[in-house]
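Presented below is the structure to which this report refers.
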Amino acid sequence: MNKKTIKHSSYTLKPAHIIETKYLTDDIKYFKLRFTDGTDLDYTPGQFVMVSMCGVGEVPISISSTPTRKGFFELVIRKAGKVTSDIHSLKTGDKIGIRGPMGRKIPLSTIEGKDLIFVAGGLGIVPLRSFIDFVLDNRRDFGKVEILLGCKTPEEILFKDEIKDWEETLNVEFNCTVDKADPKWKGNVGLITSLIPSIFVYPERTYAIVCGPPIMYKFVIKALLEKGIKEDHIILSLERHMKCGVGKCGHCQIGNYYCCQDGPVFFYHEIKNNWEAL
Amino acid sequence: MQRYYVLNKNKLINFLSFIQSRSKLAAPVKKGEKSYAFEYITDLEKIALHYLPTILPVKKYFLPQRETLIEFNKKTRKTTHVIEFEELTLFGVHTCDLVGMQCLNAVMVEDPKDINYLERKNKLTVIAFECNSYCDEHATCGIMRTFIPSSGYDILFTEFDTYFLIHIGTTKGSEIVNESRLFDVAQKEHFDELNKLRKRKEEIFKPEINASYDELKKLMERACCTGAWEGIFDKCLSCGTCTNVCPTCYCFDINDDIDLNLLNGCRMRTWDSCQNEGFAKVAGGENFREERKNRQVHRYMRKFKYPVDKYNMYFCTGCGRCSRACVAKISLKETMNLLSERIKL
Amino acid sequence: MKPKVAFFDFACCEGCQLQVANFGEELLDILEVVDVVNFREVMSENGEDYDIAIIEGSITNQHAVERIKKIREKAKIVIAYGACACTGGINAMKNNFEMPEIMHYVYKDDAKYFDTIPTKAVDQVVKVDYYVHGCPVYPKEFVDVLKCVLQGVEYKVPEKSVCTECKLNENECMFDKGLTCMGPITKAGCNSWCINNGNICFGCRGFVENPAKNAAIEVLKDHGLNPELIIKKINMYNTVLDEKLKKKGEE
Ligand SMILES: Cc1cc2nc3c(=O)[nH]c(=O)nc-3n(C[C@H](O)[C@H](O)[C@H](O)COP(=O)(O)OP(=O)(O)OC[C@H]3O[C@@H](n4cnc5c(N)ncnc54)[C@H](O)[C@@H]3O)c2cc1C
Ligand code: SF4
Ligand code: SF4
Ligand code: SF4
Ligand code: SF4
Ligand code: SF4
Ligand code: FES
């Protein structure tokens, strides 16, 4: 067998270094990264990158920052298994290999000027933060912004400081519910779907953007449709097992879609008849 | 370009020796009573000219079972993308397998292109061998219309009593034929024979499934989420064999390996299968294709529905490998026939 | 500092330890990255301090339970090594019999002098960090596990069957030879070692995750095996895994 090397392919890694890192909870860590060559990651909210730990493996991770802020990008990673545990061992100054951005670039013009409802379950807030910050950096260009967050416990709520900022200075309605309250918790208790009926929407100019654990979607979509929000106004970010990120390996397939290329962000009407989507 | 030639049968050995002088040669050899495999050939006597479809299709040369994508060094942090390839001539590729390679090709040239596949493909020469009759009862090349070779080869051999009729598919094929100086230009009598053979073949190869070619996709659409699959996959063990042996399956896994000093390593891809338990599972335990039956339905959809929408091609060549190799004796032909009975089109 | 490794044997044939001695050149590479301080079959001196405990054999009596607990306390990392340690192995076949019956069968009238308990895989008694399956272990997999230990990451046995590896190696299928084979429901990771060498798979690595057990019984029946023999074949390496699956099913 002969061997040759090439400069660039779908699998080549681009080195980035960690410029800041901190734990958000016991098992969730935040990373601020910058490409070593100083270039920016050219991405759209909803996209993700493949993060490489050479010798251990590679995992898909959503980009949590907004492309409106230059010079860095941010990832928030939960320790879930082999590769993510290894990523947690990294410190400021360490280097890491990145592929991407991966996934569909959804046209943000569709949501411009519209009222937005963000529905996040647990870690689902991580990719939604990219949209949220994008919207907030262009606050005048959007209508009402409502964020609904559901978490298991109050400790699991990420970005608490930022949320305060969103509420206080950026004209955002924020509502949160937890499955299990602790003595200090004064907010809602219950499923995220319980937050939807009481919000006020103008259906024709409202878009909902949803991300959370797999079981959440069906119920949230039902509640949103009941509010009169149209099928093509519901945007969902789906998770699947991913290996290549370039539409070849087959792991992420959802019916006829490759989640890594055709998604992970879909409009509800595109996948409502897909037997494997929800 | 002269497109048709004749090779006298007793010159075949000279031709193959000529091939060996140009590049490595791989051809089918007998591995067991009913098992054949493409292997590197040094001893030409070992080649099985008439053979049942090989255990693995020739896709193993285009997309090897295991392949290095990246090499890295943890200390220097240097990573390089590598491509493994070799000059190789495949002799004796059946017509159904030609279509298999075209399916694979459609996937790999789609953006983002798979450079490893493309580079490797360009180094391979394909010499096809036409089937004049069915290989066995598992074949469905009749309905899939893959028993008549149309393209996908550099050179095609069609066998007659005392000679092979040769069709040139590419300039590379033409060069080989000319350089070897073993071939004669085909005459009218040879074309007449070819036409007769092809007509005879239309009589031999008949649709094995009770549906028309165009209806196969509709059959899948209608059957997909219904009870039509009831009982068919009860004995499926999710062993993954039906996908590994399929010429149009290309799913893979990517894993890292590193030496014991934890210094140098590589990232490899290995064939994977949608039938495997872990294929669609994510951290946290959710398995998006938990039910065994759904994994099989997914496989059928990937043969007869999704690629038709995307590439306008069925991704089944009718080679019958999946049925031949299934230890649970689940047959594609029987499955499709059962579905066609159960579903009104 | 090289991590210190100690081998401990419980109820087993010690064939897996022998396997390490058979590594040949690879062994030298291994000894470059770890210090072996206790290894009965290869070295004579006994070390005391160790970071990594490699456990061979299954737990079959109360004394062994105490001993393994002590080892766990001391070791930073515990590796179950070989089928006996990982899944109870062949030893666990005895669990398919009533205890007094088996005691009598083995020890005749002396049975009352022995303390025995149903065979347990190591992880049924203490926490296990890594598994090297197989009877005996497949040397390359041991090296792979060791690499994961050294990198401080988990090792995952591929959730695939031996058939997937067997097909990649393009072996003639044993079923086509008129034989039967446990490959379809056995955990991959041995690179279909046995079939590559002309033998059937006995299933020594244990079931795949979520095995299609009933279907497998039907398929083996279709291939002419009698049901009693099928159960025996399956039990050979899966008794403990079967117990675990049942428990999971009940939950
Ligand atoms: C589009 C997308 C965006 C994601 N964004 C984030 C994020 O922002 N933050 C975060 O913490 N997690 C995110 N995840 C989940 C994250 O990718 C998994 O937790 C991670 O792959 C687990 O890998 P592991 O090696 O640690 O776990 P293991 O269980 O050891 O996984 C082994 C391999 O399986 C695959 N795999 C397993 N689980 C998943 C999964 N859930 N999704 C995709 N592949 C998987 C990976 O290829 C991985 O290498 C995202 C997943 C997807 C698909
Ligand atoms: S080869 Fe047969 S038993 Fe194995 S996964 Fe395919 S259909 Fe199931
Ligand atoms: S599905 Fe079966 S018959 Fe069709 S190409 Fe694949 S292996 Fe051959
Ligand atoms: S399936 Fe048809 S084309 Fe393929 S080997 Fe058999 S007879 Fe030939
Ligand atoms: S020989 Fe055994 S492991 Fe190999 S394919 Fe056949 S059944 Fe599977
Ligand atoms: S082929 Fe089967 S018996 Fe042989 S090592 Fe692998 S699992 Fe064990
Ligand atoms: S991750 Fe490989 S196809 Fe989507």
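Just so it is clear: chains get the letters A, B, ... in the order the sequence lines come, proteins before strands, and each one is counted from 1.
With a 4.5 Å cut-off on non-hydrogen atoms, B/N73 does not touch chain A at all. In this structure, the portion of A/Q261 lying under 4.5 Å from any heavy atom of chain B is its side chain and not its backbone. The part of B/I70 that comes within reach of chain A is its side chain, from C-beta onward, which places non-hydrogen atoms under 4.5 angstrom from that chain. With a 4.5 Å cut-off on non-hydrogen atoms, B/N255 touches chain A through its side chain but not through its backbone. Neither the backbone nor the side chain of B/C274 comes within less than 4.5 Å of any heavy atom in chain A. Proximity to chain A (any heavy atom under 4.5 Å) is restricted, for B/E286, to the side chain, taken from C-beta onward. Residue contact with chain B, scored on non-hydrogen atoms closer than 4.5 Å, involves the backbone and the side chain of A/C244 alike.
One side chain, B/H81 or A/S9, offers a donor N or O that lies under 3.5 Å from an acceptor on the other.
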When you look at B/F72 and A/L13, which way does the side-chain contact (heavy atoms from CB on, under 4.5 Å) test go after all the steps? CA-CA 10 Å; B/F72 53 80; A/L13 308 173; over 6 Å; no
A/N256 and B/K310: CA distance, side-chain angles, deciding distance, side-chain contact (heavy atoms from CB on, under 4.5 Å) verdict: CA-CA 8 Å; A/N256 53 341; B/K310 200 163 178 178; over 6 Å; no
Assess the residue pair B/V82 and A/K4 against the criterion (side-chain contact (heavy atoms from CB on, under 4.5 Å)); give the C-alpha distance rounded to whole Å, side-chain angles, the decisive distance to 0.1 Å, and a yes or no. CA-CA 6 Å; B/V82 301; A/K4 70 174 188 185; over 6 Å; no
Output a table of donor-acceptor pairs, distance under 3.5 Å, between side-chain atoms of residues 49-58 of chain A and any protein atom two or more places apart or on a different chain; print 'none' if there are none.
from	atom 1	to	atom 2	distance (Å)
A/S52	OG	B/R267	NH1	2.5
A/S52	OG	B/R267	NH2	2.9
A/E58	OE1	A/R99	NH2	2.9
A/E58	OE2	A/R99	NE	2.7
A/E58	OE2	A/R99	NH2	3.4

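For the pair A/K3 and B/E86, the salt-bridge criterion is not met [side-chain N within less than 4.0 Å of a carboxylate O].
Heavy-atom neighbours of chain A within the stretch residues 108-123 of chain B, taken at a separation under 4.5 angstrom, comprise B/M108, B/E110, B/D111, B/P112, B/K113, B/D114, B/I115, B/E119.
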